Structure formats: C-alpha cells, structure tokens
Amino acid sequence: MASTSRLCLILFGPPGSGKGTQAKLLSKALGVAHISTGDMLRAHLAAGDEIGREVRSIMESGGLVSDQLVNRMVEQRIEQPDCRNGFILDGFPRTVSQAKLLKDLLAAQGITPWVVHLDVDYNVIIARIAGRRQCPSCGTLYSVTSNAPTVSEVCDYDGSKLVVREDDREEVVRERMKGYERQTAPVLDYLKQTGYRVWEVDGADGSPQAIARRIEDLIRSQGFRPEPAGAVKK
Ligand code: AP5
C-alpha cells in the first residue's frame with residue numbers, strides 16, 4: 001500500500017499525452033506540488049543562465065539532457081516546503097537511471113509512489129502538439145482546437161501573448177517521439193518491476209477535466225487525504 005500521508009504521483013506518457021495539463025489540474029485538486037522537469041529546464045533557458053546555456057541545443061533538437069543534471073534538480077526540488085503534502089512528477093523519470101535515483105530518494109523518505117500511464121494514440125499526439133500554445137508568464141496550457149483562449153493567442157489569466165514551444169516544430173517532435181520509444185518507454189517496465197502500482201489511463205477519452213477527475217478518484221480510493229484542497233471542478 002502506498003503512503004497515504006505524502007503523495008508521489010508519477011505522470012508517465014509520451015510528449016503531448018497531457019502530463020502537464022493533468023499535473024496542473026491535479027496539483028490544485030490534491031493540494032500537492034507540481035514538479036515539471038521540462039518547465040524547470042525552460043525557466044533556465046529563459047533566464048539564459050549557465051544551465052540554460054548547457055541544455056539549449058539539446059532541448060532544441062529534442063534530445064534528453066543529462067541524468068546527472070536532472071537528478072540533481074529533482075533531488076533539491078522535492079525538499080522544498082511546498083512538497084510537504086506530496087508532489088506530482090511530470091516528465092521525470094525518463095531514463096532507467098533517473099528511475100533508480102527516484103526509487104532511492106523515495107525509499108529514504110518512506111514514500112511509495114503511484115504511477116499513471118497516460119496512453120494516447122500517436123496521431124492524436126501529433127495533432128495536439130501542433131495546436132499547443134502556452135502562456136510564457138503563468139504557464140497555462142491551451143489548445144487551438146480543444147481548449148482555445150477566449151481571445152485568440154492571448155492568455156485568459158494575464159493577457160500575455162501565447163507562444164509556441166521551440167521544440168514543438170514537426171521535425172523536433174519526431175525526434176522527441178523516437179527518444180521516448182528508445183529511452184523512456186522501457187522505464188515503465190522498470191517501475192512495474194519495482195513493485196509500484198501502475199494505472200493505465202486513456203489520455204484521450206474526454207476533456208482534461210474529466211480525465212483529471214478519474215485520476216483523482218483513483219488516488220482518493222487508495223486513502224490519500226490531502227490537507228485542505230479543492231476537488232477538481234465537477
Ligand atoms: P517536457 O516539457 O517534459 O515535454 P514532454 O514530455 O515532451 O511533454 P510535453 O510537455 O510535450 O507534453 P505533455 O504530456 O505535458 O502534454 P500537455 O499537457 O502539454 O520536456 C521537454 C524537454 O525537456 C525534453 O525534450 C528534454 O529535452 C528535456 N527534459 C525534460 N525532462 C527531462 C528529463 N527528466 N530528463 C532529460 N531531459 C528532460 O498537452 C499537449 C496538448 O494537448 C496541449 O495543447 C493540451 O491543451 C492538449 N490536451 C491535453 N489533454 C487533452 C485532452 N484530454 N483533450 C484534448 N486536448 C488535450
């Protein structure tokens with residue numbers, strides 16, 4: 001039985017499967033932190049700092065940055081006060097080496113994670129990524145087809161002009177998908193072999209809110225009781 005006091009939920013799935021969308025909804029609903037290694041790395045890119053300079057060309061070409069760097073980032077991040085109730089991992093672990101580090105980190109804290117595998121058809125993914133827009137200020141995700149902002153290309157919350165991610169160009173998406181199949185998909189077997197509970201969730205069966213409610217119900221059915229938090233809006 002996984003820990004019911006401190007949640008670790010691993011959102012696992014290919015690029016465009018909805019990990020970031022689900023993590024944002026669920027972190028609000030469950031009152032836990034959202035840890036996105038992709039967002040953390042993009043913040044370094046935007047800051048133009050040393051890490052940003054180190055990872056820019058790798059990210060722009062759709063490759064994975066070094067395990068050493070990402071592991072260090074996650075190790076430090078989960079010690080932050082907002083992770084006290086727990087955290088949702090979005091985009092980590094992505095290699096077996098990252099999964100091994102996570103296993104040790106969680107074991108040391110007595111946490112057994114749950115894993116949600118978001119399964120989405122390749123063609124749906126390609127269409128989703130082509131339509132993705134993101135607010136550069138608050139991070140809100142939109143889709144020009146299924147979740148468009150009220151005013152075209154403008155964030156509903158802070159009025160910023162929405163952006164297309166550098167790595168959402170078609171040829172880069174193909175590289176990211178290949179990398180996923182080669183380096184990341186095998187991590188799911190590793191997580192299963194480790195004994196973690198893995199839920200298969202159809203990531204294309206309904207709106208983001210409907211899918212988040214399904215995941216939230218699964219988590220609550222395991223006895224997780226977060227400190228004050230609101231449920232996903234019905
Ligand atoms: P990262 O940012 O993690 O990208 P990713 O895994 O490729 O995933 P995406 O962000 O593309 O997709 P998502 O699954 O979050 O889908 P989303 O919710 O946006 O990583 C980027 C890069 O950073 C990597 O390539 C690598 O270089 C580096 N990196 C990051 N982590 C690393 C690690 N651990 N190790 C090494 N390198 C690392 O949804 C997509 C679209 O679909 C959106 O427009 C959304 O609105 C729409 N959508 C979502 N759900 C639905 C739905 N139910 N119905 C209709 N539309 C939907």
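Both ligands and their constituent atoms are indexed starting at 1 by order of listing. All values reported here derive from a predicted model rather than from experimental measurement. In this chain, numbering begins with 1 at the start of the sequence shown.
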* Counting each atom of ligand 1 from 1 as listed, which ones have a heavy atom of Ser207 under 4.0 Å away? -> 53 (N)

* Asked: How close does the nearest protein non-hydrogen atom get to atom 39 (O) of ligand 1, and which residue and atom is it?
  -> Thr21 OG1, 3.7 Å

* What atoms of ligand 1 come closer than 4.0 angstrom to any heavy atom of Asp167? -> 21 (C)

* What about Gln98: any of its N or O atoms under 3.5 Å from an N or O on ligand 1? -> yes

* Asked: Shortest non-hydrogen contact from Gly52 to Leu45?
  -> O-CD2, 3.4 Å

* Would you name the heavy atoms of Leu102 and Pro93 that are closest together and state the gap between them? => CD2-CD, 3.9 Å

* Is Tyr142 touching ligand 1 with its side chain, its backbone, both, or neither, if touching means heavy atoms under 4.0 Å apart? -> backbone

* Could you tell me the residue and atom name of the protein heavy atom closest to atom 8 (O) of ligand 1, and the distance to it rounded to 0.1 Å? => Lys19 NZ, 3.2 Å

* Asked: Less than 4.5 Å apart, any side-chain heavy atom of Ile125 and any of Asp121?
  -> no

* For Gln22, is at least one N or O under 3.5 Å away from an N or O on ligand 1? -> no

* Asked: Of Lys19, Lys24, Gln22, His34, which is the lone residue that meets side-chain hydrogen bond (donor to acceptor under 3.5 Å, both in side chains) with Asp90?
  -> His34

* **Contact check: Gly16 vs ligand 1, nitrogen or oxygen atoms, below 3.5 angstrom** => yes

* To do: Taking all non-hydrogen atoms of both residues into account, name the closest pair between Pro113 and Leu106 and its distance.
  => CG-CD1, 3.6 Å

* **Option nearest atom 23 (O) of ligand 1 (shortest heavy-atom distance, choices Arg132, Glu166, Met59)** => Met59

* Looking at CG of Asn85 and CG of Leu30, how far apart are the two atoms once the value is rounded to the nearest 0.5 Å? -> 10.0 Å

* Structure fact -> For atom 16 (O) of ligand 1, the closest protein heavy atom turns out to be Gly18 N, 3.1 Å

* Structure fact -> Here the atoms of ligand 1 under 4.0 Å from any heavy atom belonging to Phe92 are 34 (N)

* Structure fact -> Note: heavy atom closest to atom 54 (N) of ligand 1, options Glu175, Arg165, Arg128, Arg176, belongs to Arg128

* Structure fact -> For Pro208, the ligand 1 atoms with a heavy-atom partner under 4.0 Å come out as 50 (N), 51 (C), 52 (C), 53 (N)

* **Nearest-neighbour protein heavy atom for atom 3 (O) of ligand 1, which is reported as residue plus atom name and distance** => Arg94 NH1, 3.1 Å

* Asked: Under 3.5 Å between some N or O of ligand 1 and some N or O of Asp39?
  -> no

* Below 3.5 angstrom, do we get any N/O pair linking Asp90 and ligand 1? -> no

* Asked: Does any N or O atom in Asn147 lie less than 3.5 angstrom from one in ligand 1, N or O only?
  -> no

* Should the pair Trp114 and Phe224 be assigned to parallel (<30°), tilted (30 to 60°) or perpendicular (>60°) ring geometry? -> perpendicular

* In sequence, state the C-alpha distance, the side-chain angles, and the governing distance for Glu216 and Arg213, and then conclude on salt bridge (charged side-chain N to carboxylate O under 4.0 Å, His left out). => CA-CA 5 Å; Glu216 187 190 350; Arg213 277 198 300 274; over 6 Å; no

* To do: Using non-hydrogen atoms of the residue, decide whether Ile58 is closer than 4.0 angstrom to ligand 1.
  => no

* Can you name the nearest heavy-atom pair linking Pro136 to Val163, along with the distance? -> CG-CG1, 4.2 Å

* Structure fact -> A student checking ligand 1 against Leu141 at a 4.0 Å heavy-atom cut-off should list atoms 18 (O), 19 (O)

* To do: State plainly whether the residues Arg42 and Asp39 are in salt-bridge range, i.e. N to O under 4.0 Å.
  => yes

* Structure fact -> Within 4.0 Å of some non-hydrogen atom of Val65, the atoms of ligand 1 are 36 (C), 37 (N)

* From the options Gly20, Ser143, Ser17, select the one whose nearest heavy atom is closest to atom 15 (O) of ligand 1. => Gly20

* Structure fact -> Only one of Asn71, Thr184, Asp67 passes side-chain hydrogen bond (donor to acceptor under 3.5 Å, both in side chains) with Gln98, and that residue is Asp67

* Asked: Just distances here: any N/O of Arg133 and N/O of ligand 1 closer than 3.5 Å?
  -> no

* Asked: Taking both backbone and side-chain atoms of Pro15, is any N or O found less than 3.5 Å from an N or O belonging to ligand 1?
  -> no

* Structure fact -> The reported gap from CG in Asp202 to CG in Leu118 (rounded to nearest 0.5 angstrom) is 9.0 Å

* Charged N to carboxylate O under 4.0 angstrom, Lys178 versus Glu175? -> yes

* Asked: Heavy-atom contact under 4.0 Å between Gln134 and ligand 1?
  -> no

* Asked: When only distance counts, is Leu41 in polar contact with ligand 1, meaning an N/O pair under 3.5 Å?
  -> no

* Least distance between heavy atoms, Tyr142 atom then Cys155 atom -> OH-SG, 3.3 Å

* Structure fact -> Smallest heavy-atom separation, Cys83 atom then Ile35 atom, equals SG-CD1, 4.0 Å

* Hey, looking at atom 25 (O) of ligand 1, which of Ser66, Gly63, Gly206 has the closest heavy atom? -> Gly63

* **Which segment of Pro14 sits under 4.0 Å of ligand 1 when only heavy atoms are counted** => backbone

* Is any N or O atom of Ser36, backbone or side chain, closer than 3.5 Å to an N or O atom of ligand 1? -> no

* Can you tell which part of Ser146 has a heavy atom less than 4.0 Å from ligand 1: side chain, backbone, both or neither? -> side chain

* Asked: Would you say Glu170 has more than 12 foreign heavy atoms packed within less than 6.0 Å of its CD?
  -> no

* Proximity to ligand 1 by part of Thr145, non-hydrogen separation under 4.0 Å -> neither

* Structure fact -> For Arg42, the atoms of ligand 1 under 4.0 Å from one of its heavy atoms are 2 (O), 21 (C)

* Taking Leu89 as the fixed residue, which of Thr37, Leu11, Ile10 is the one that meets the side-chain contact (heavy atoms from CB on, under 4.5 Å) rule? -> Ile10

* **Where ligand 1 meets Ile211 - atom numbers and elements under 4.0 angstrom, heavy-atom basis** => 53 (N)

* Evaluate the side-chain hydrogen bond (donor to acceptor under 3.5 Å, both in side chains) criterion for residues Arg6 and Gln109: first the C-alpha distance (whole Å), next the side-chain angles of each, then the deciding distance (0.1 Å), finally the verdict. => CA-CA 9 Å; Arg6 200 162 173 231; Gln109 305 204 20; 2.3 Å; yes

* **atom 31 (N) of ligand 1: the protein heavy-atom neighbour that sits closest, reported with distance to 0.1 Å** => Thr37 OG1, 2.8 Å

* Asked: At what distance, to the nearest 0.5 angstrom, does CZ of Phe92 lie from CG of Leu101?
  -> 5.5 Å

